[in-house]
Amino acid sequence: MSISADPVLIRLLDLFGDWRSEEQVSRLLAQYTKSSIRTTVRQLEKYTLLVREGTPEAQRDFQFKQAWSGWLPSAGFFHFGSKDVRYCATRHELKKKLRRLLANSPQPPFFKTYENVRRLHLPTATGARGEFLEVLMSRRTHRRFSVQTLSLSSLSNILYYTWGVTGSIPSGVLGDLPRKTSPSAGARHPVETYVLALRVEGLPPGLYHYATREHCLELLRLGNFDKKAARYCADQAWVQRAAALFLMTAAFPRVMWKYNSPRAYRTVLLDAGHVCQTFCLVSTWLGLAPFCTMALRDTLIEKDLGLDGISESAFYVAGVGLQWPTDTVRLRNRLSASL
Ligand SMILES: Cc1cc2nc3c(=O)[nH]c(=O)nc-3n(C[C@H](O)[C@H](O)[C@H](O)COP(=O)(O)O)c2cc1C
């Protein structure tokens, strides 16, 4: 949301820095009529720029200030200011937008090189032999899936090797910290994972929380979430044909407790990126079709997960399905071509 207003509004908001009644503020701004101040206050309330003492909004505001105090204002502005944005609703709209961008200016170059410097040629990279390189070279984003169900053992492998606790790190003062397959700044591991089971063999469709230490699923709600899956991902219709979605959230206090600076917000973003790449590789290793998306309806996800959006917030979504038959063939061809 962005607003524009007369600079005098800053003065008014500043006067409401502490709890004050309209009456008190009117006295301090004697050059304005009481009714104009009342109208302005109502407008500010409507857009939640002012909250009334004792209301749920004021309580939420207090909770926010307490929880986020160390990361304000920059990280708070960025996190809350970038929630629930509007995405292109159709391919047509996206194409139109891209054409408009191109008409404005060409794409910036994808590659940087230096002119007039000595170049040292490197040996050709080893062919993609061996399981690791095959997996690495095969990873890609899948957006269509076969209708088969995902086996429970595949789901279990994905969860354990991506988000599970695989060991511990003796840290001294802070005791044993969890070790996982992805790095995490300070081993704080702020990412929580909720499984939206759409088509998993032996697992009733529904919403589950993954307990990382116990390696088990905690049932939150049963139900068919196919349509909701697409809605969570900003109406990307193909998402509902996946077998499972992994709704990742950030449990901020884990990081805030140790790192009392807005810069630490970056670690949460970076952690989520690391863990999602691990997810993509594990899923590829299992011969599955992974994807990830940041086009999310954050608040809807938070509401359905029962999160306050302040101490734990929707962050990233990954998903997996069974490979579409022709994608498997193409993958094999590409692999043999790269060997
Ligand atoms: C942070 C992030 C967000 C993404 N969001 C979307 C998305 O909303 N929809 C989508 O179809 N793909 C999404 N992708 C996938 C990218 O479009 C994809 O990685 C890119 O086109 C390169 O293709 P590849 O993954 O097959 O190499 C996202 C990827 C990342 C890393």
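Keep in mind the model is a prediction, meaning the values are calculated, not measured. In each ligand, atom 1 is the first atom listed, and ligand 1 is the first ligand listed.
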- prompt: Nearest protein heavy-atom contact for atom 9 (N) of ligand 1: which residue, which atom, what distance?
  reply: Q236 OE1, 2.8 Å
task: Between W238 and ligand 1, find which residue part has any heavy-atom pair under 4.0 Å and reply side chain, backbone, both or neither.
output: side chain
- request: Could you tell me the residue and atom name of the protein heavy atom closest to atom 13 (C) of ligand 1, and the distance to it rounded to 0.1 Å?
  value: C292 O, 3.4 Å
message: Is there a polar contact, in the sense of an N or O pair closer than 3.5 Å, between Y316 and ligand 1?
response: no
Sidechain N-carboxylate O distance under 4.0 Å for E93, R86: yes
message: Looking at R241 and D226, is any side-chain nitrogen of the basic one under 4.0 Å from a carboxylate oxygen of the acidic one?
response: no
- request: Please identify which atoms of ligand 1 are closer than 4.0 Å to at least one heavy atom of A295.
  value: 8 (O)
task: Number the atoms of ligand 1 from 1 as they appear, then name those within less than 4.0 Å of a heavy atom of R140, with their elements.
output: 26 (O)
field: ring-ring contact (aromatic ring centres under 6.0 Å, His included) assessment of W163 paired with F246
entry: CA-CA 10 Å; W163 293 281; F246 304 89; 5.2 Å; yes
field: Salt-bridge present (E22, R27; N to O < 4.0 Å)
entry: no
R143, any N or O under 3.5 Å of ligand 1 N or O: yes
statement: Of all protein heavy atoms, the one nearest atom 7 (C) of ligand 1 is T293 OG1, 3.3 Å
- request: Kindly indicate, with the supporting measurements, whether the criterion ring-ring contact (aromatic ring centres under 6.0 Å, His included) is fulfilled by W68 and F252.
  value: CA-CA 9 Å; W68 278 73; F252 295 117; 4.9 Å; yes
Under-4.0 Å heavy-atom contact between protein and atom 20 (C) of ligand 1: no
message: Looking only at the aromatic ring of each residue, does the gap between the centers of Y194 and H209 stay below 6.0 angstrom?
response: yes
query: Strictly under 4.0 Å, does any heavy atom of R139 approach an atom of ligand 1?
result: yes
statement: closest protein heavy atom to atom 25 (O) of ligand 1 is T141 OG1, 2.5 Å
message: Checking a contact table here: which protein heavy atom is nearest atom 3 (C) of ligand 1, and how many Å away?
response: M294 N, 3.6 Å
field: Basic-acidic side-chain contact under 4.0 Å: R139, E134
entry: no
query: Would you say the side chains of N157 and S154 form a donor-acceptor pair under 3.5 Å?
result: no
